[in-house]
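In this text, all values refer to a predicted model and were calculated from it rather than measured experimentally.
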Amino acid sequence: MLKYGPLFAGLVSLAAAQNIIQLPDSLRATTDTVKCVKKIPMYCEGPAWEPSTGAVYFTEQFAANVQNWPLWKVLPGNSSDTGSVFVANYQNNGLDFDPQGRLVSCQNGRLSRYKSDGTLDSTLITFTTPAQANDLSIGANGAMYFTGLGNAVYYLSPTRQMSTATTNISSANGVEWMESENMVYVNSTSGNAVYKFPVGTNGALGTRSNYVTSPGPDGGTYDSHGNRYVASYTQGEIRVFNARGDSIGRIALRTATGTYDNRAGNQGNVDNCVFGGADLKTLYITGDGGLYSLQLKIPGQVRYTTGIRSYRISPLRKVDLTSAALRDLRGRAVKIYGRMPVMKIVPLPVSKQK
């Protein structure tokens, strides 16, 4: 979600305690706390994790009259990598990787796809409505849903045909396409709710139903158990819900002045998050002041291979995630886009991939 300048000044006390983490023991060890990965004294958005390299990409946002917004790339855990600007153009916002491992960015009047060296691979589509693409979610066949902070959700087919999937939502913000459920989840910021829509023919979305009520939902993600992590900019925290929609915890980042950033307004505001790391158990978080991380016990959900053919499920055996009949360690079939067994997933060296 776009935020410009000093917002909501004085809404909360800036002396509030930092990193209030209230999660069940099944999700988080009490010794694990929020850590700063990349400090940037601005509002940041759109985290996306790249399986092939372990890098995290996110966007730094400026005022609407500034055309070029930096899209950052940082390699967590590498002390020699302090992060670098991947590209700076077209007011970059939400990000996602497609099934071929190519980064797609929501931008001012367009959706763009990039090669690994930062050069433009393709302008997927340009448009005048919405004026600014905000967030997106890409399916296994390359189609995608995206939002623009209006009342609509848009669908881009694999052949780049754009259509309006639904107009039945206000302040459509974060979007998650759950192909395993045949559902699209959309965060309505002004509606203080997360809605879910069944997917119909040609990308059209059916009648909405309420998943949860949550204040000011922005972006979010989900883990392999179906728990959803919903970022709330207005509350400065991530609220966690189980698959049934029951509230099971929160991660609050609102903190004292200067700890997260140096700009006016409420420090510690949170807007989005994504799972990453070698075992998919690191939650990367964006908001005021840059990129942060929190180690969790349950991995994120594997959507598709995003450029990596093989993983080693250590220490028992190697599996091919491109197989149409992937099976878990007990021989049960597991869909590629669906819930993975809870186990450590480590990318194989390129030389050993087949």
Are any of the side-chain heavy atoms of [X] and [Y] separated by less than 4.5 Å?
X: I20; Y: R250; answer: yes
X: M144; Y: S157; answer: no
X: P76; Y: T282; answer: no
X: Y90; Y: R110; answer: yes
X: Y57; Y: E50; answer: yes
X: T166; Y: V184; answer: no
X: I125; Y: R160; answer: no
X: V153; Y: T164; answer: no

Looking at [X] and [Y], what are the two nearest heavy atoms and their distance?
X: A140; Y: P99; value: O-CG, 3.3 Å
X: A172; Y: T147; value: O-CB, 3.5 Å
X: T286; Y: C44; value: CB-O, 3.7 Å
X: T123; Y: L120; value: OG1-CD2, 3.6 Å
X: P217; Y: V230; value: CB-CG1, 3.6 Å
X: W72; Y: P70; value: NE1-CB, 3.6 Å

Between [X] (side chain) and [Y] (backbone), is there a donor-acceptor pair under 3.5 Å?
X: S232; Y: P215; answer: yes
X: N92; Y: L71; answer: no
X: D81; Y: L75; answer: yes
X: Q235; Y: A252; answer: no
X: N192; Y: G216; answer: yes
X: T53; Y: A55; answer: yes
X: N187; Y: T189; answer: no
X: E45; Y: N272; answer: no

Once rounded to the nearest 0.5 Å, what's the spacing between atom [atom1] of [X] and atom [atom2] of [Y]?
X: E176; Y: Y229; atom1: CD; atom2: OH; value: 12.0 Å
X: Y155; Y: F146; atom1: OH; atom2: CZ; value: 12.0 Å
X: L136; Y: Y154; atom1: CG; atom2: OH; value: 14.5 Å
X: Y185; Y: M178; atom1: OH; atom2: CE; value: 6.0 Å
X: S84; Y: K38; atom1: OG; atom2: NZ; value: 8.5 Å
X: L149; Y: S170; atom1: CG; atom2: OG; value: 11.0 Å

inquiry  = Walk me through whether L111 and C106 qualify under side chain to side chain contact (heavy atoms under 4.5 Å, CB included).
reply    = CA-CA 5 Å; L111 295 174; C106 286; 3.9 Å; yes
ask   = Y43 pairs by side-chain hydrogen bond (donor to acceptor under 3.5 Å, both in side chains) with which of D271, T59, N269?
value = D271
Salt-bridge test for [X] and [Y]: reply yes if a basic N is under 4.0 Å from a carboxylate O, no otherwise.
X: D98; Y: R102; answer: yes
X: E181; Y: K196; answer: no
X: D117; Y: K115; answer: no
X: D121; Y: R113; answer: yes

message = Going by side chain to side chain contact (heavy atoms under 4.5 Å, CB included), R28 matches just one of I251, V240, T33, L283. Which one?
response = T33
key: side chain to side chain donor-acceptor pair (under 3.5 Å) evaluation trace for N93 with Q61   = CA-CA 8 Å; N93 200 350; Q61 301 193 341; 2.7 Å; yes
request  = Go through N134 and N173 one step at a time and tell me if the side chain to side chain donor-acceptor pair (under 3.5 Å) criterion holds.
outcome  = CA-CA 7 Å; N134 179 72; N173 203 331; 2.6 Å; yes
request  = Evaluate side chain to side chain contact (heavy atoms under 4.5 Å, CB included) for V194 paired with V186, printing each intermediate quantity in order.
outcome  = CA-CA 6 Å; V194 179; V186 185; over 6 Å; no
ask   = Taking it one step at a time, do Q132 and N108 satisfy side chain to side chain contact (heavy atoms under 4.5 Å, CB included)?
value = CA-CA 4 Å; Q132 168 80 52; N108 185 1; 3.7 Å; yes
key: Ring center gap for Y114 and F97 short of 6.0 angstrom   = no
task = Kindly state whether the ring of Y284 and the ring of F275 have centres lying under 6.0 angstrom apart.
result = no
task = Please check if atom CG in N202 has more than 12 non-hydrogen atoms from other residues, nucleotides or ligands closer than 6.0 Å.
result = no
inquiry  = Quick check with a 6.0 Å cut-off and a 45 degree axis cone: is R228 positioned over the face of Y222's six-membered ring?
reply    = yes
key: side chain to side chain donor-acceptor pair (under 3.5 Å) assessment of W69 paired with E60   = CA-CA 6 Å; W69 296 359; E60 179 183 357; over 6 Å; no
request  = Begin with the C-alpha distance, continue with both residues' side-chain angles, and end with the deciding distance and a verdict on side chain to side chain donor-acceptor pair (under 3.5 Å) for S190 and S171.
outcome  = CA-CA 6 Å; S190 63; S171 300; 2.9 Å; yes
query = For Y145 and L205, what are the C-alpha separation, side-chain angles and deciding distance, and is it a side chain to side chain contact (heavy atoms under 4.5 Å, CB included)?
reply = CA-CA 10 Å; Y145 288 94; L205 297 180; 3.8 Å; yes
ask   = What about I238 and I298, same hydrophobic cluster or not, with Ile/Leu/Val/Met/Phe/Trp/Tyr joined at side-chain heavy-atom distances under 4.5 Å?
value = yes
ask   = Can you name the ring pair (Phe, Tyr, Trp, His ring centres under 6.0 Å) partners of Y195, sequence neighbours left out?
value = none
